[in-house]
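Taking it in order: structure first as structure tokens, then the write-up.
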Amino acid sequence: MATTDLSVYDKSTIPNSKNFRFGIVVSEWNHDITQGLFQGAFDTFLDCGVLKENIVRWDVPGSFELIYGCKKMQQSYDMLDAVIAIGSVIQGQTKHFDFVCDGVTQGIKDLNIQSDIPVIFCVLTDNTMQQAIDRSGGQHGNKGVEAAVAAIKMAQLRKDATF
């Protein structure tokens, strides 16, 4: 588990975000967790100067569907500078956890290879609900905050690398 607060960031290291546009695709599964992650990302974007109207949210049924949702968002909004995939998969008593986690990880990786719009992986893969709570606004902070900061930095990288 994380040993640092996922919500801590140094604003002086964050690029100017006023003109960036972001997409956030949120899994409905484990809604309380994913909503907490979304709120952390959304609030961080606003805190870093992103305009509210430059943030698009789509919901998908589960974490496995994040891949398709992110792909369609990339295709539908080519003016986006980055997309965040938000999900939560909690270990159960079957191998389903392993298949979903691996599939989503590989799918998001594939989107980053195939598209010019970066996709940030904000999918919690926890052993217990308490671990997910702790990382979605609880004692370890909020992974959504960390994902928003990563999205801003990757958006700047994308801008700087474009000729």
Side-chain angles (χ1 to χ4, degrees), residues 1-2 6-7 9 17 20-45 50 54-137 140-162:
M1 286 308 306
L6 298 167
S7 299
Y9 60 95
S17 307
F20 286 144
R21 295 183 179 142
F22 296 99
I24 305 174
V25 181
V26 182
S27 168
E28 295 172 340
W29 193 259
N30 293 323
H31 177 266
D32 291 343
I33 302 303
T34 59
Q35 183 58 32
L37 295 168
F38 167 78
Q39 199 62 55
F42 184 81
D43 292 345
T44 301
F45 279 149
V50 178
N54 287 345
I55 304 169
V56 177
R57 175 184 172 151
W58 284 3
D59 292 332
V60 296
S63 289
F64 202 78
E65 291 76 24
L66 288 168
I67 304 159
Y68 184 80
C70 289
K71 174 184 166 187
K72 294 313 274 183
M73 184 175 274
Q74 287 175 322
Q75 293 170 344
S76 300
Y77 294 94
D78 62 352
M79 81 292 186
L80 291 176
D81 295 290
V83 174
I84 299 175
I86 293 180
S88 172
V89 186
I90 299 172
Q91 178 70 55
Q93 296 180 3
T94 69
K95 293 183 65 97
H96 185 254
F97 173 87
D98 298 326
F99 297 128
V100 171
C101 292
D102 185 55
V104 174
T105 302
Q106 296 304 317
I108 299 299
K109 180 264 302 173
D110 290 345
L111 291 176
N112 278 303
I113 292 169
Q114 297 165 1
S115 174
D116 186 46
I117 301 171
V119 179
I120 308 304
F121 187 86
C122 183
V123 180
L124 299 183
T125 56
D126 296 304
N127 292 319
T128 67
M129 178 61 81
Q130 186 59 54
Q131 288 175 340
I133 291 167
D134 291 345
R135 297 176 69 212
S136 61
H140 292 298
N142 191 317
K143 185 74 171 173
V145 172
E146 185 180 73
V149 170
I152 293 168
K153 290 181 177 183
M154 291 303 292
Q156 185 65 50
L157 175 69
R158 178 177 183 253
K159 179 182 172 188
D160 292 345
T162 303

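We number each residue from 1, following the sequence as shown.
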Report yes if the side chains of [X] and [Y] come closer than 4.5 Å at any heavy-atom pair, otherwise no.
X      : Y      : value
Thr105 : Phe121 : yes
Val60  : Val25  : yes
Met154 : Ile120 : yes
Asp116 : Arg158 : yes
Phe20  : Leu80  : no

What residues, two or more places apart in sequence or in another chain, satisfy side-chain contact (heavy atoms from CB on, under 4.5 Å) together with [X]?
X      : value
Ile133 : Ile33, Met129, Gln130
Gln114 : Asp110
Asn142 : Ser7, Leu37, Val145
Ala85  : Leu66, Cys70, Ile108, Val119

Heavy-atom closest pair, residues [X] and [Y]:
X      : Y      : result
Ile24  : Ile86  : CG2-CD1, 3.5 Å
Ala82  : Ala151 : CB-O, 3.8 Å
Arg135 : Thr125 : NH1-N, 4.3 Å
Gly107 : Ile67  : CA-CD1, 3.7 Å
Gln91  : Asp98  : OE1-OD1, 4.5 Å
Cys122 : Ile84  : CB-CG2, 3.8 Å

Ignoring hydrogens and angles, tell me if any N or O in the side chain of [X] forms a donor-acceptor pair with the backbone of [Y] under 3.5 Å.
X      : Y      : result
Asn30  : Ser88  : yes
Asp81  : Arg21  : yes
Glu65  : Gly62  : yes
Ser27  : Gly87  : no
Gln131 : Asn127 : yes
Ser115 : Leu111 : no

For this session: Take Val50 and Ile55 through the test side-chain contact (heavy atoms from CB on, under 4.5 Å) and record every step on the way to the result.
Result: CA-CA 8 Å; Val50 178; Ile55 304 169; 3.8 Å; yes
For this session: Go through the steps to decide whether Tyr9 and Thr44 satisfy the test side-chain contact (heavy atoms from CB on, under 4.5 Å), and finish with yes or no.
Result: CA-CA 10 Å; Tyr9 60 95; Thr44 301; 3.8 Å; yes
Exercise. Are Lys72 and Gln75 close enough that a side-chain donor and a side-chain acceptor fall under 3.5 Å?
Worked result: yes
For this session: Report the distance from atom CD of Gln39 to atom OG1 of Thr34, rounding to the nearest 0.5 Å.
Result: 11.5 Å
Problem set entry | Approximate separation, where rounding is to 0.5 Å, of Gln106 CD and Cys101 SG | 11.5 Å
Exercise. Which residue, Ile117, Val56, Ile152, forms the side-chain contact (heavy atoms from CB on, under 4.5 Å) with Phe22?
Worked result: Ile152
For this session: Before giving the answer on side-chain contact (heavy atoms from CB on, under 4.5 Å), spell out for Lys159 and Gln156 the whole-Å C-alpha distance, their side-chain angles and the decisive distance to 0.1 Å.
Result: CA-CA 5 Å; Lys159 179 182 172 188; Gln156 185 65 50; 4.0 Å; yes
Exercise. Mind checking what makes salt bridge (Lys or Arg N to Asp or Glu O under 4.0 Å) contact with Asp59, not counting sequence neighbours?
Worked result: Arg57
Seminar exercise, completed: Residue pairs passing the ring-ring contact (aromatic ring centres under 6.0 Å, His included) test with at least one member in residues 57-86, sequence neighbours excluded, are Trp58-Tyr77
